[in-house]
Amino acid sequence: MYNWIHQVFMGEGVAHSILIIAIAISAGIVLGRIKFSGISLGATWVLFIGILLSHYGMRLNPVVLSFAKDFGLILFVYAIGLSVGPNFFSSFKKGGLTLNMWAATVVLLGCLCTYIIHRITGTSLITMVGVMQGAVTNTPGLGAAEQTVAELSYSIPDFATLQSTLGLGYAVAYPLGVIGIIISIAIIRYIFKIKLNSEAKKLDEQSVSAIMSPVVVTVQIDEKSSVIGRTMLNLHATCPYNFIVSRIMRTDGKVEIPSSKTVIKEGDKMMIVTSKEDIENVVNLIGRRLEDMAKKDWDYLGKDLISKRIIVTKGAVNGKTIRELNVRKDFGVNITRIIRSGVDIVAQPNTHLFVGDTLLAVGTSTSINKLASLIGNSTKNLHKPKIAAIFFGIALGILLGTLPIKFPGMPQTIKLGLAGGPLIVAILLSYFGHKIKIASYTTESANMMLSELGISLFLASVGFGAGENFVETLVSGGYKYVGYGVIITILPLLIVGILARVISKTNYLTLMGLLAGSTTDPPALAFSSEVAGNSYPAIGYATVYPLTMFLRVLAAQI
């Protein structure tokens, strides 16, 4: 019995490795629910459980350790890319340049702190580069530094000793680097007395405004209206504003769904869906507003018409515009609104539809059922995971991440790595996948499962890898590296976090993602997303990650 227990818990087989990974993850997740002053470290506890178990002799098979670490990281960043991709480009346009400027400042200040500590303490710059990369949890930067040092070995006295301290500095600084980033994020929240609900509401309002939150208004065509005698097609073609005519009531009281050939007549009443920004302009162009006619009146008058929500679930519809589907001409149905990621937007003819969108359609029961058959309307299809698309994207991401990119004047090529490549591919596929017939949609629960599984595997593997010599290194003088790493981690983040909040008024939820992304730190992103309860930190993270990764690798080599 003793031999069996010892083999299972202290051996090196695959079964042993999977067992202790499972123990570390389950224990870490349970401890992650504990809050201190309202703040929880979340999944980061998995890292410390891994260090603890490794310190007491529970080690992973090296092959399993390497696989679990890399595969977990890939799953995590790919899930993040899928979740933020649909909003990434609009977010980048609105504030991406500013966010990347602040992220570059974090990198620059980190390098400055590293060099100052080197000058003051006399610690080898090679060792300090290892500490710097551990302090910002950047493994690709460590790899780039090791390659550069190897090329310069002929000119460096005691090269072998110094090269070993590069990895040692990284390993010692890494665990508290993770904590330091999270502490910095929490300190900024405390300094500015941030209320998360208020910050989320501000971003929600900005997002809704950007994609035209719909409002419904009734307009009557009077004798002075310039649209009398024009067709609906001509009206939409010449009007610079965004609106949809949901229903039209003739002077005889008949309610119908307008088509592109419908001619507008004096006395007609229109039920119009438009945005808050365009409502006054649309009303002034078409006629006069009827304040006393509400949507319930239209529902009563048009008893033969119904309003129904239908869901896009067929891959053949993914990426097509409403105009391409010819829903008015072929079905006599009007799509007035689209609900995407919980937000209502005005349905325009050139609006692209994606799997998972909910459409608010108006028409007869028969015509809406025909439209539902065309676009799917089967939630069962949404619950089937797109495994082939996910692994195809991961394969492309790995190819991109391992592609060497040469920059003039640099001794080594740059690679995006196993984090950068899959992240960028996931963002691109989630936004442009429909153009190559790839449906990248995953349900919120499926995406969360992918993300949580990935970050847990990654953190557990990092903990087991660092735990073997962690305490011994600290006792034998490595504690100095820990202190240096804390300075390199926290000081730049606090400076930039405060300046970004004061100068550019950066929303705190976006700021969390910015700080996590500027250190390329998945655990900090996991913590931020868990605290925020939404995808705003992930959008900020993805916005600055590619440039930051490049700068981190470049800084290590310089």
Side-chain angles (χ1 to χ4, degrees), residues 85-87 90 211-214 216 231-239 241-248 255-263 270-275 278 302 304-382 384 386 389 429-443:
N87 298 318
S90 60
I211 56 179
M212 300 178 304
S213 178
V216 179
T231 64
M232 286 292 174
L233 179 62
N234 177 264
L235 176 61
H236 279 284
T238 57
C239 180
Y241 311 113
N242 296 300
F243 69 95
I244 290 290
V245 179
S246 174
R247 287 166 250 185
I248 185 169
V255 177
E256 59 186 62
I257 300 293
S259 69
S260 59
K261 298 180 180 179
T262 298
V263 178
M270 296 181 182
M271 179 180 174
I272 294 176
V273 181
T274 184
S275 64
D278 290 336
D304 57 332
L305 301 176
I306 63 172
S307 177
K308 186 176 180 180
R309 296 187 178 195
I310 50 181
I311 305 173
V312 180
T313 60
K314 283 190 176 180
V317 180
N318 195 48
K320 288 190 175 182
T321 63
I322 294 176
R323 181 183 286 113
E324 289 174 326
L325 294 179
N326 289 323
V327 292
R328 281 190 179 181
K329 179 181 178 181
D330 295 345
F331 304 102
V333 174
N334 206 358
I335 299 174
T336 59
R337 278 175 279 176
I338 300 172
I339 303 172
R340 182 176 297 159
S341 299
V343 178
D344 283 12
I345 61 177
V346 177
Q348 295 293 304
N350 60 347
T351 301
H352 290 275
L353 302 180
F354 297 98
V355 171
D357 286 349
T358 298
L359 313 182
L360 187 62
V362 179
T364 63
S365 177
T366 301
S367 61
I368 285 183
N369 287 336
K370 290 181 179 179
L371 176 61
S373 298
L374 172 70
I375 68 172
N377 199 38
S378 174
T379 56
K380 183 188 298 183
N381 291 340
L382 292 182
K384 294 179 180 178
K386 306 295 187 292
L429 285 183
S430 66
Y431 195 83
F432 298 109
H434 65 275
K435 294 184 181 296
I436 55 175
K437 308 300 181 183
I438 293 180
S440 59
Y441 173 82
T442 57
T443 63

Task: Interatomic distance, Ser367 atom OG to Lys308 atom NZ [nearest 0.5 angstrom] - done: 10.5 Å
Task: With Lys261 via side-chain contact (heavy atoms from CB on, under 4.5 Å) - residues at least two apart - done: Ser259
Task: Heavy-atom side-chain contact between Val245 and Thr262 under 4.5 Å - done: no
Task: From CD1 (Ile375) to CG (Leu353), nearest 0.5 Å - done: 7.5 Å
Task: Partners meeting side-chain contact (heavy atoms from CB on, under 4.5 Å) with Thr321 (sequence neighbours left out) - done: Arg323, Glu324, His352
- [ ] Measure the spacing between CG of Leu359 and CD1 of Ile338 and express it to the nearest 0.5 Å.
- [x] 6.0 Å
Open item on the list: A side-chain contact here means heavy atoms from C-beta on lying under 4.5 Å apart; do Ile248 and Met232 qualify?
Closed with: yes
- [ ] Under the side-chain hydrogen bond (donor to acceptor under 3.5 Å, both in side chains) rule, collect the residues that match up with Asn234, sequence neighbours excluded.
- [x] Arg230
Task: side-chain contact (heavy atoms from CB on, under 4.5 Å) against Leu374, all qualifying residues, sequence neighbours excluded - done: Leu325, Phe331, Leu371
Task: Smallest separation among heavy atoms of Ser246 and Val273, with atom names - done: CB-CG2, 4.4 Å
TODO: Considering non-hydrogen atoms only, spot the tightest contact between Ile310 and Ala361 and give its length.
DONE: CD1-CB, 4.4 Å
